[in-house]
Amino acid sequence: MSAPNAGDTAWVLVCAGLVLFMTPGLAAFYGGMVRTRNVLAMLQQNMIALGVVSLTWVLVGYTIAFGDDAGSGLFGNLELFGLTDLKVPPAPNLHVVDGRITIPTLAFVLFQMMFAVITPALVTGATAGRLRFGGWVLFLAVWSIVVYAPIAHWLWHPGGWLAKFGTQDWAGGLVVHASAGAAVLAVLLVVGRRRDWPHTAAPPNSIPLTIVGAGILWFGWFGFNGGDGLQANGLAAQAVLNTHLAAAAAMLVWLALERVTDGHSTVVGAVSGAVAGLATVTPTAGYVNAASAVAIGALAGLVCHFALKLKYLLRLDDALDVLAVHFVGGMLGTLLLGLFGNRGVNPLGADGLFLGGGGGLLWRQLVGVVSVGAFSFVLTWLIAAGVQALIGLRVPPADQERLDQAQQGADAYHLGGVTSLTAPGAPRRRTAAAPAGAPAVPPGQRVRVVTALLEPDPAANSADLRDALLRAGAISVIVSDAAVATTTPQASLLPRGYWQDQPLSARLRVTVLVGADGVGAVLDELDRMGARRSDTFVQEAERVQP
């Protein structure tokens with residue numbers, strides 16, 4: 001046996017790091033699109049997979065997936081339990097790799113571990129706001145062993161029954177995306193819908209966070225697809241190029257469809273299209289040429305965009321459209337390989353229908369889609385139902401809108417409209433005592449409390465707001481966040497072309513303490529700032545003795 005190849009080993013280790021980076025990227029991608037009070041819960045649901053699945057993979061997942069076949073083609077034996085007796089490299093070779101590949105077994109273990117970690121994490125986007133943390137941890141542990149590891153054996157081990165049948169999956173269209181997508185269907189049947197769905201929608205709390213997460217995913221996908229040949233060679237370059245081209249094509253098609261159907265091309269639509277393209281090209285990246293990758297990406301943008309309606313047809317509350325992007329994308333890419341497969345790119349592949357190979361590869365791909373989907377759906381439903389009965393998988397309805405506090409006792413953000421008001425002048429260090437505030441109210445003096453509602457924009461400068469009211473005679477100024485009912489609900493654009501009518505609009509509540517003779521001047525100043533007299537109140541008050 002030849003010594004491990006240093007270049008190939010380095011490339012596989014780098015790709016393992018890139019795929020690891022995708023898990024926090026997925027956390028950010030999902031975390032930006034949930035409600036403000038559920039951000040930390042979403043981040044934790046994704047990050048915990050790095051802890052749980054890494055250990056299950058080392059203990060038993062790897063030997064089920066890549067240990068010597070137990071004879072049935074369904075799973076490996078347990079000889080590699082706990083990685084206590086590893087074989088010499090390369091043990092084993094993927095079916096897409098020839099016998100000349102020589103990398104340390106542990107490099108292969110690490111690379112495949114990262115796929116095992118991110119696959120179940122995809123489910124969290126569909127179940128946003130509904131997962132009990134303890135139940136999710138137990139689900140992760142069991143699912144990674146019972147569902148993911150056998151499917152990886154079927155397709156990525158030379159003795160796997162689908163690998164011997166001729167079904168191909170370069171980097172996880174079936175093993176990752178289709179298996180996770182089928183799992184989403186099953187888990188949603190167990191955890192059910194959010195309260196009032198589909199009549200209410202969850203506005204994203206931070207689209208910039210989502211864009212950062214999407215960028216990390218795109219970057220990490222180069223390792224996701226580029227490392228599966230286990231060599232730093234031309235095929236790896238082809239896979240990385242195909243990955244990028246498919247994402248670019250899908251992005252542009254998705255944006256064009258958004259423009260036609262909704263009148264706007266949005267940044268969330270751009271990254272949604274890109275991720276759909278990335279998921280769809282995954283099973284094909286090492287088997288097709290660049291032109292085919294562009295076509296696959298364009299079809300992904302088209303099909304996955306219209307698949308957004310799938311959750312309404314199935315009456316499944318898929319919060320962040322995992323079914324449309326990952327399940328449909330993974331299955332679509334797997335089937336498209338039956339059309340675009342090209343042995344000229346990879347001699348270990350097969351020609352598809354468009355390259356003169358007939359319908360044989362397409363048939364084998366279809367068998368893979370049906371088999372993986374059915375296996376993952378049935379086993380996942382049993383696992384999810386068992387966890388729900390044992391310790392609970394679904395959170396109580398009262399906690400759905402406040403998971404961060406219910407599960408972690410903390411909030412992701414501590415900024416509101418008041419604390420984000422601007423003030424003039426450059427930032428500076430405090431060099432003296434803070435300036436004195438408004439004059440104190442003598443005990444027992446009769447004063448008035450004026451309360452008004454303002455649009456946030458006209459009152460955006462906190463110093464101007466304070467100074468204007470003090471000049472008008474205010475003794476004390478308090479500003480807080482408020483929301484008012486509107487007679488005509490305002491249409492609010494949500495991610496991926498959804499709209500929601502918002503019957504409550506954000507306002508600033510300004511409470512001013514002023515002497516009786518200054519009420520008129522304060523009211524005039526508030527009028528100048530856009531306050532309506534119908535929303536303004538004046539009350540008599542008296543300062544309490546200290």
Side-chain angles (χ1 to χ4, degrees), residues 1 3-27 46-68 76 78-97 101-122 140-141 143-145 148-153 155-158 160 169-172 175-176 179 216-217 219-233 235-236 239-240 243 282 285-286:
M1 180 65 68
N5 182 282
D8 294 341
T9 301
W11 172 240
V12 171
L13 291 176
V14 167
C15 289
L18 289 172
V19 181
L20 182 152
F21 194 34
M22 292 176 71
T23 296
L26 182 69
N46 281 266
M47 296 301 293
I48 195 63
L50 283 166
V52 174
V53 181
S54 296
L55 296 184
T56 61
W57 181 251
V58 167
L59 290 175
V60 67
Y62 178 77
T63 190
I64 292 175
F66 294 104
D68 290 339
L78 299 180
E79 290 182 357
L80 303 179
F81 180 85
L83 305 184
T84 56
D85 186 21
L86 290 177
K87 298 181 179 181
V88 294
N93 298 324
L94 293 182
H95 68 282
V96 297
V97 180
I101 307 303
T102 311
I103 62 171
T105 301
L106 287 178
F108 183 74
V109 171
L110 180 65
F111 179 64
Q112 288 295 334
M113 176 194 292
M114 300 311 161
F115 285 76
V117 166
I118 197 171
T119 301
L122 295 173
L140 275 175
W143 194 91
S144 65
I145 297 170
Y148 179 84
I151 292 176
H153 184 83
L155 286 148
W156 288 345
H157 189 284
D169 184 6
W170 175 256
V175 178
V176 176
S179 68
I216 294 173
L217 287 174
F219 174 65
W221 229 292
F222 287 176
F224 197 90
N225 289 351
D228 287 84
L230 306 183
Q231 285 185 295
N233 59 8
L235 185 57
V240 171
T243 300
T282 291

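In what follows, every heavy atom counts, from backbone to side chain, and hydrogens, waters and symmetry copies are set aside.
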S.K.: Quick one: does Trp11's side chain have a donor or acceptor within less than 3.5 Å of a partner on Gly226's backbone?
M.R.: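 Checking the backbone N and O of Gly226 against the side chain of Trp11, a donor-acceptor pair under 3.5 Å is found.
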
S.K.: Quick one: closest heavy-atom pair of Gly223 and Val19, and the distance?
M.R.: C-CG2, 3.8 Å

S.K.: Mind listing the closest non-hydrogen atom pair of Val109 and Trp57 along with its distance?
M.R.: O-NE1, 3.2 Å

S.K.: Side-chain contact test, heavy atoms from C-beta onward, threshold under 4.5 Å: evaluate it for Thr282 versus Val176 and give yes or no.
M.R.: no

S.K.: Answer whether the closest heavy-atom distance between the side chains of Thr243 and Phe224 falls below 4.5 Å.
M.R.: no

S.K.: For Trp143 and Pro120, work out which heavy atoms get closest and say how close.
M.R.: CE3-CB, 3.8 Å

S.K.: Working to the nearest 0.5 Å, report the span between OG1 of Thr9 and CZ of Phe111.
M.R.: 13.0 Å

S.K.: Using 0.5 Å steps for rounding, measure from the CG atom of Leu18 to the CE atom of Met114.
M.R.: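 Going from the CG atom of Leu18 to the CE atom of Met114 covers 11.0 Å.
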
S.K.: Find out whether Asp8 and Thr102 are in side-chain contact, i.e. whether some heavy atom of one side chain is under 4.5 Å from a heavy atom of the other.
M.R.: no

S.K.: So, for Ile64 and Ile145, which heavy atoms are closest and what is the spacing to 0.1 Å?
M.R.: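 Smallest heavy-atom distance, with atoms named: CD1-CG2, 3.8 Å.
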
S.K.: Measuring from Leu230:CG to Gln112:CD, what's the distance to the nearest 0.5 Å?
M.R.: 7.5 Å

S.K.: Report the distance from atom CG of Leu59 to atom OG of Ser54, rounding to the nearest 0.5 Å.
M.R.: 11.0 Å

S.K.: What distance separates Thr23 OG1 from Leu50 CG, expressed to the nearest 0.5 Å?
M.R.: 4.5 Å

S.K.: Does any non-hydrogen side-chain atom of Ile216 lie less than 4.5 Å from one of Pro24?
M.R.: no

S.K.: So Trp156 and Val175, do their side chains get closer than 4.5 Å, heavy atoms only?
M.R.: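 Yes; the side chains approach each other to less than 4.5 Å.
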
S.K.: If you round to the nearest 0.5 Å, how far is CG of Leu78 from OG1 of Thr63?
M.R.: 5.5 Å

S.K.: Side-chain contact, heavy-atom cut-off 4.5 Å: Met113 with Tyr62?
M.R.: no

S.K.: Under 3.5 Å, is there a donor-acceptor pair between the side chain of His157 and the main chain of Ala65?
M.R.: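 Pair absent, no side-chain N/O of His157 close to backbone of Ala65.
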
S.K.: Between Leu140 and Ile48, which heavy-atom pair has the shortest distance, and what is it?
M.R.: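 Of all heavy-atom pairs spanning Leu140 and Ile48, the closest is CD1-CG2, 3.6 Å.
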
S.K.: What pair of heavy atoms forms the shortest contact from Ser179 to Thr119, and how long is it?
M.R.: OG-CG2, 3.7 Å

S.K.: Counting C-beta onward and ignoring hydrogens, is there a side-chain heavy-atom pair between Phe115 and Asp228 closer than 4.5 Å?
M.R.: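 Counting from C-beta outward, Phe115 and Asp228 do come under 4.5 Å.
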
S.K.: A side-chain contact here means heavy atoms from C-beta on lying under 4.5 Å apart; do Phe108 and Val12 qualify?
M.R.: no

S.K.: State whether the side chain of Asn233 and the backbone N or O of Ala236 hold a donor-acceptor pair below 3.5 Å, judged by distance alone.
M.R.: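 Answer holds: yes.
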
